Amino acid sequence: MIKYFYLVEFEYFVKDDYKSYFNLGVFSNLKLAKEKINMSAGLVGFNQYSLDNFKIIKFGVNFDIDIKNKSNVILYWVTHEYDSTSDGFTYWNVFGYFSTIEKAKKHIEYLQNHSRVGKKYPDNFEIIEVKIDNFNAWSEGFEKLD
């Protein structure tokens, strides 16, 4: 059964061609996602930008059981990071959210065997537990990169 969640992201241009962005949390409904944006908009760093720099992304996660209260859910976020020797940049990828750690691990195994980045950097995957409706992410604002 697919349940839908709302990811709140913030992004801004550090330089003309370099965009920085970060995840402000995953929420069980659109109202809470908007509340997070309203709370963040006045904080240090965020207050230098318009509300257009905030994005809400709706996504679905497949659960094997019926979830009654999405606020109590923990999701498992698969990410991958590596440093490129050719250009000196650190690349960071998100490969999705999963309902169980077992599903997240299976997806990593698949990527290690079937994706170029997974084959080249097989040990650079990470699984991050994500608490739904957590308002603490970036709750003190941020310092702008130059």
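When a residue number appears, it is its place in the shown sequence, counting from 1. What you see is a predicted model; the values in this text were computed from it and never measured.
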Are [Y] and [X] linked, directly or through intermediate hydrophobic residues, by side-chain heavy-atom contacts shorter than 4.5 Å (ILVMFWY only)?
X      : Y      : value
Val130 : Val94  : yes
Leu7   : Ile132 : yes
Tyr4   : Val61  : no

Under 4.5 Å between any side-chain heavy atoms of Gln112 and Asn124, yes or no?
no
Pairwise side-chain contact, Ile65 with Ile67, heavy-atom cut-off 4.5 Å (strictly under):
yes
Specify the closest pair of heavy atoms between [X] and [Y], including all atoms of both residues, with the distance to one decimal.
X      : Y      : value
Asn62  : Met1   : OD1-N, 3.1 Å
Glu140 : Val44  : O-CB, 4.4 Å
Phe5   : Ser28  : CD2-CA, 4.3 Å
His80  : Tyr121 : NE2-O, 2.9 Å
Ser40  : Leu24  : OG-CD1, 4.1 Å
Ser99  : Leu75  : CA-CD2, 4.5 Å

Is it true that, when you exclude [X] itself, more than 12 heavy atoms of the residues, nucleotides or ligands shown sit nearer than 6.0 Å to its [atom1]?
X      : atom1 : result
Lys70  : NZ    : yes
Lys131 : NZ    : yes
Lys103 : NZ    : yes

Could you walk me through whether Phe63 and Val73 pass side chain to side chain contact (heavy atoms under 4.5 Å, CB included), step by step?
CA-CA 11 Å; Phe63 288 85; Val73 168; 3.8 Å; yes
What distance separates [X] [atom1] from [Y] [atom2], expressed to the nearest 0.5 Å?
X      : Y      : atom1 : atom2 : result
Ile101 : Ile127 : CD1   : CD1   : 5.0 Å
Met39  : Glu35  : CE    : CD    : 6.5 Å
Lys68  : Lys3   : NZ    : NZ    : 7.0 Å
Ile128 : Tyr76  : CD1   : OH    : 13.0 Å

May I ask you to check whether [Y] and [X] place their ring centres under 6.0 Å from each other?
X      : Y      : answer
Tyr12  : Phe142 : yes
Trp138 : Phe10  : no
Tyr97  : Phe59  : yes
Phe54  : Tyr49  : no

Relative to each other, are the rings of Phe135 and Phe27 parallel, tilted or perpendicular (30° and 60° limits)?
tilted
Would you call Lys36 and Asp133 a salt bridge, using N to O less than 4.0 angstrom?
no
When you measure from the side chain of Asn53 to the backbone N and O of Glu11, does any donor-acceptor pair fall under 3.5 Å?
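Checking the backbone N and O of Glu11 against the side chain of Asn53, a donor-acceptor pair under 3.5 Å is found.
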Is a side-chain N or O of Asn23 found less than 3.5 angstrom from the main chain of Glu9, in a donor-acceptor match?
no
Only one of Phe125, Phe98, Trp92, Phe95 forms a ring pair (Phe, Tyr, Trp, His ring centres under 6.0 Å) with Trp77, so which one is it?
Trp92
